[in-house]
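Encoded as structure tokens, the structure appears first; notes follow it.
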Amino acid sequence: MQSPDSVLQASDRKGGVPVNSKKKGMTLIAKQRVAGWIFLAPASIMIAVMSFYPMIRAFILSFQTGAGVNMRFAEPVYSNYKRILADKVFQQSIGNTFLYLIIQVPIMLVLAILLAQLLNNKDLKFRGLFRTCVFLPCATSLVSYSLIFRSMFATDGLINSVLINLGILDTGYNFLGNSASAKIVIIIALVWRWTGYNMVFYLAGLQNIEYSVYEAAKIDGANGWKTFWKITVPLLKPTIIMTFIMSINGTLQLFDESLNLTKGGPANTTITMSHYIYNTCFINVPNFGYAAAMSFIIFIMVAVLAFINLKVGDTRD
């Protein structure tokens, strides 16, 4: 007669799974978890070293004053942030940046949606050519296109030449020397540069919408406007929120256009926050602590606006 232990060992051998398999090695789930962490580790380390560590160092720097090896904590420690409240130029740069944001972003995104809707028409000939032409500005360098617009809107530039030949102007108008017109030029340049970029996202979203949905709406008697407003826009809502957040983030960090088009002038009336931070670090007397404090103000603005957009766009119960 076999003992209970021998019977158990025999049944285990028949099943093909040893009782102490967990003791001999990791389970399949544990191995998958380890493999996942191994694959994630290099990217996580790079993000921590290249992103989070500089952010922490910049936050510490925002409480310091001095230059080079003589950096020390300010007295009081929040003096850099207190200075922001009295800095008229930085306050003006905030106003300029939000003016660009309020005007340029809605115009750009509406144009991007309309162009995507137009170029998504399957009956349109040369769709690829038109899509390339609209997207082509995105392939140009930020510095290059800023210098091109600066040349076009110069007193003796292309725009003034056309207006004079048409009899609209008698002499060249200094577009970049006037505060209002300089801001308009920056807004036009931003719309020209980034509309095609956002159009690509909307095109991708439209191509994920089943064409049968539009056919059903057409059978129900919906016209083009109702189809666009009741079907296209709701189904593109996640893409619209994403592009809106990216556009806000990019506009709040606007730099190249302010520097290369107008150099912040005239009299700092077109300067942006990032441009002013750059001047504080490298053009004027270097003050890295104060520049770091202003950078964190921009970071907070971006985070708050992104959070508001996500909460407004989230329709889940």
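Counting begins at 1 with the first residue of the sequence. Being a predicted model, the structure only gives us computed values, none of them experimental.
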TODO: List the steps, then state whether side-chain contact (heavy atoms from CB on, under 4.5 Å) holds for Leu252 with Phe98.
DONE: CA-CA 7 Å; Leu252 290 180; Phe98 274 89; 4.0 Å; yes

Task: Intermediate values then yes/no, side-chain contact (heavy atoms from CB on, under 4.5 Å), Tyr100 and Val105 - done: CA-CA 8 Å; Tyr100 302 143; Val105 171; over 6 Å; no

Open item on the list: Determine whether Tyr290 and Asp87 satisfy the following criterion, side-chain contact (heavy atoms from CB on, under 4.5 Å), listing intermediate values before the conclusion.
Closed with: CA-CA 11 Å; Tyr290 183 52; Asp87 192 339; 2.5 Å; yes

- [ ] Show your reasoning for whether side-chain contact (heavy atoms from CB on, under 4.5 Å) applies to Phe130 and Leu115.
- [x] CA-CA 10 Å; Phe130 293 137; Leu115 287 170; over 6 Å; no

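When all heavy atoms are compared, the tightest approach of Glu257 to Leu254 is OE1-CD1, 3.0 Å. Across all their heavy atoms, Arg193 and Thr140 have their closest contact at NH2-O, 3.1 Å. Summarising the geometry of Pro238 relative to Pro234, their closest heavy-atom pair is CD-O, 4.4 Å, with the distance given to 0.1 Å. Here the closest heavy-atom approach between residue Asn260 and residue Leu147 is recorded as O-CD2, 4.2 Å. Between Leu176 and Arg150, the shortest heavy-atom contact is CD1-CG, 3.7 Å. Contact between Ser258 and Thr272 at its shortest, heavy atoms only, is OG-N, 3.5 Å.
Within a 6.0 Å sphere centred on CD1 of Ile168, other residues, nucleotides and ligands contribute more than 12 heavy atoms. No more than 12 heavy atoms of other residues, nucleotides or ligands sit less than 6.0 Å from atom CZ of Phe299. Sparse packing is recorded around CG of Asp170, with 12 or fewer heavy atoms of other residues, nucleotides or ligands lying under 6.0 Å away.
Under the side chain to side chain contact (heavy atoms under 4.5 Å, CB included) test applied with Gln104, the options Ile188, Thr251, Ile186, Leu109 reduce to a single match, Thr251.
Contact check for Met301 versus Ile94: side-chain heavy atoms found under the 4.5 Å cut-off. Counting only heavy atoms from C-beta outward, the side chains of Ile113 and Ile240 approach each other to under 4.5 Å. Residues Tyr173 and Ser181 have side chains in contact (heavy-atom distance under 4.5 Å, counting atoms from C-beta outward). Taking the side chain as every heavy atom from C-beta outward, Ser93 and His275 never approach each other to under 4.5 Å. Using a 4.5 Å heavy-atom threshold, the side chains of Asn120 and Gln207 count as touching.
For Phe135 and Tyr197, the ring centers are positioned 6.0 Å apart or more. Annotation: Phe63 is not in aromatic contact with Tyr78 [ring centroid separation under 6.0 Å not met].
Follow the hydrophobic side-chain contacts under 4.5 Å out from Leu203 and you never reach Leu118; the two are in separate clusters.
Asn249 and Gln253 share a side-chain donor-acceptor pair at under 3.5 Å.
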